[in-house]
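Here the structure comes first, spelled out in structure tokens, and everything after it is commentary.
Within every chain, numbering begins at 1; the chains are lettered A, B, ... in the order of the sequence lines, protein sequences first and strands thereafter.
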Amino acid sequence: MPAASDNVLLVLDLVGVFVFAISGGLVGLRARLDLFGIAVLAWVTGLGGGIIRDVFLADVPPAGVTNPWYILSVVLAGVVVVLVQPALRDLRRRNPDLRLSRIANAVKYLDAVGLAVFAVSGATKAISFGAAPLACILIGGITAVGGGAIRDVLARQVPEVLRRELYAVPALLGATLVVVADQFEMLSVLIVWLAVAVVFAIRVAAIIFDLHVPKAPHQGASS
Amino acid sequence: MPAASDNVLLVLDLVGVFVFAISGGLVGLRARLDLFGIAVLAWVTGLGGGIIRDVFLADVPPAGVTNPWYILSVVLAGVVVVLVQPALRDLRRRNPDLRLSRIANAVKYLDAVGLAVFAVSGATKAISFGAAPLACILIGGITAVGGGAIRDVLARQVPEVLRRELYAVPALLGATLVVVADQFEMLSVLIVWLAVAVVFAIRVAAIIFDLHVPKAPHQGASS
Amino acid sequence: MPAASDNVLLVLDLVGVFVFAISGGLVGLRARLDLFGIAVLAWVTGLGGGIIRDVFLADVPPAGVTNPWYILSVVLAGVVVVLVQPALRDLRRRNPDLRLSRIANAVKYLDAVGLAVFAVSGATKAISFGAAPLACILIGGITAVGGGAIRDVLARQVPEVLRRELYAVPALLGATLVVVADQFEMLSVLIVWLAVAVVFAIRVAAIIFDLHVPKAPHQGASS
């Protein structure tokens with residue numbers, strides 16, 4: 001990869017931290033937490049996946065506690081959540097027809113961005129630390145779903161990664177793309193962004209068309 | 001230990017990964033997750049304990065993301081869960097008298113196998129990494145109960161390790177056996193399997209005879 | 001810091017382990033767990049924060065599994081919980097007016113002690129491992145709130161760190177005090193204890209005067 005790759009990874013990571021932190025903050029708002037509870041949920045959601053990745057790669061202390069940009073990104077996300085919330089409420093008051101699910105969908109798209117950038121940045125960081133291909137793919141997937149899983153456990157929701165159709169699958173696919181490109185020595189900034197786009201596109205398609213992997217056979221019959 | 005010890009440990013680990021992954025998959029089935037949710041629960045249950053162990057021993061990236069055999073074992077467990085489920089359902093339809101608790105008991109026995117092999121393999125790996133005796137015992141115990149605890153937290157159940165009579169105790173006992181044998185330079189493949197058998201036997205006895213450590217005094221009086 | 005600093009840190013840590021283990025044990029008692037469940041909750045609550053700290057600092061295996069004093073501290077806390085419980089019950093029987101909230105408050109004060117000593121000891125250990133100032137502050141905060149968060153997740157409660165007014169804030173403040181003192185090369189045993197006192201005082205003031213950071217604007221209006 002060209003010398004600029006570190007910058008690309010940092011940008012991917014900061015975008016991922018920001019959008020996941022917003023999703024964490026919104027979950028905190030919905031759960032009626034105070035400002036600091038919201039900040040804590042934003043922090044673990046934005047940084048959780050990357051912290052697991054860094055512990056797995058022995059890159060400690062993790063970037064999530066050492067890199068000021070990460071912290072700034074989380075704080076910014078917290079400010080956005082708190083500022084945007086009254087606007088959302090006003091919007092709903094003026095448009096009683098505006099369905100809550102529309103707003104929830106907006107969150108889903110943000111979440112899809114985070115999933116895409118973290119899957120790719122996680123796999124790429126694992127490659128640059130010399131991890132085996134299989135490990136790079138799985139670490140990419142864990143980076144992508146980790147923060148959201150911790151968020152949901154703390155907020156006492158069923159984790160999205162267990163519930164959602166086509167959630168971890170595109171993340172693993174994006175990580176695989178990056179790893180395969182690296183195996184053929186074709187990993188470039190272009191490929192990185194392409195992989196991000198692929199994960200995002202699949203996830204968005206899954207949201208729009210309600211795609212999902214099948215349930216276990218005969219599941220429905222017993223309900 | 002003889003040169004074959006690494007193979008013994010790998011076999012123990014793969015058996016543990018397999019049975020715990022099945023237990024995770026069954027919990028996912030019961031929670032009506034889709035196929036990928038079941039796969040994720042199987043993955044964290046089968047590999048969670050070993051991942052904590054490897055992080056504690058600085059053996060990262062953990063075997064749970066690097067070793068293809070582990071992943072294969074988890075995938076196989078997922079396939080078994082999905083294939084076996086309709087058979088279980090048919091069985092129940094033909095034998096309405098067959099109590100669900102019987103099937104749940106079968107899961108408990110599988111779980112006992114996982115507890116036994118992980119306690120012993122966790123302690124043995126810690127020994128081979130030069131950890132102090134106390135650390136080896138506790139790491140063995142954590143390896144044995146960790147995956148199940150993560151499974152229960154994700155699936156929003158009270159963790160078995162908090163609920164169950166004589167669950168962590170036999171795990172710690174098995175790890176202690178291995179550590180004591182090592183202190184006397186008597187650790188052999190035979191001792192390893194003996195320790196596995198002891199943990200399994202105690203746990204099975206606890207299931208059959210409903211053994212448990214006492215509750216705190218006067219607990220019952222207030223209910 | 002003077003040569004005695006290691007002892008000071010060990011004392012801080014053992015006090016923190018002890019009081020947090022008691023809080024974990026009490027939560028276990030309230031949840032009607034058996035003795036071993038209580039012991040497990042005491043263990044993770046007392047040692048959880050320090051284990052995360054040690055993993056972040058690559059000081060593995062963590063002190064929570066290697067240091068016999070830590071284990072002894074947890075075991076002692078478990079014994080105290082089991083012994084004290086009937087006395088508490090008798091007290092309540094003889095004084096029906098004694099409000100349960102009084103006893104819960106006693107737990108809050110113990111918890112405040114743990115928060116204070118762990119924030120300071122976490123930050124100081126991170127400094128001695130050469131972590132960056134920002135990392136030291138955040139690691140101090142995580143050490144202080146980590147064990148309680150794991151306890152609450154396992155016991156299926158909303159984590160205190162999300163719920164409580166002025167909980168993580170004083171912990172981060174205490175860690176910051178220590179880090180600033182270190183930057184000015186003024187870190188001494190006196191400063192360490194002073195920082196502990198500041199965290200404890202703020203937390204206790206928050207409990208007594210029910211201080212809290214504001215909720216997100218307009219939160220109340222929608223309820």
Using 0.5 Å steps for rounding, measure from the OG1 atom of C:Thr66 to the CZ atom of B:Phe56. 10.5 Å
So for B:Val158, is it side chain, backbone, both, or neither that comes closer than 4.5 Å to the heavy atoms of chain C? both
Give, as side chain, backbone, both or neither, the part of B:Ala132 having an atom under 4.5 angstrom from any heavy atom of chain C. neither
Test side chain to side chain contact (heavy atoms under 4.5 Å, CB included) applied to C:Phe36 and B:Leu172, step by step: CA-CA 12 Å; C:Phe36 211 82; B:Leu172 289 171; 3.9 Å; yes
Residues of residues 133-151 of chain C contacting chain B, heavy-atom criterion under 4.5 Å, by residue number: none
Non-hydrogen atoms of C:Val153 and B:Val153 that approach each other most closely: CG1-CG1, 3.5 Å
Closest heavy-atom pair and its distance - C:Arg156, B:Arg156: NH2-O, 2.9 Å
Part of C:Ile71 lying under 4.5 Å from any heavy atom of chain B: side chain
Heavy-atom distance under 4.5 Å to chain B: side chain of C:Asp54, backbone, both or neither? neither
Show every donor-acceptor pair shorter than 3.5 Å between a side-chain atom in residues 40-51 of chain C and any protein atom, with sequence neighbours excluded, or say none if there are none.
| unit_1 | atom_1 | unit_2 | atom_2 | d |
| --- | --- | --- | --- | --- |
| C:Thr45 | OG1 | C:Leu41 | O | 2.5 |

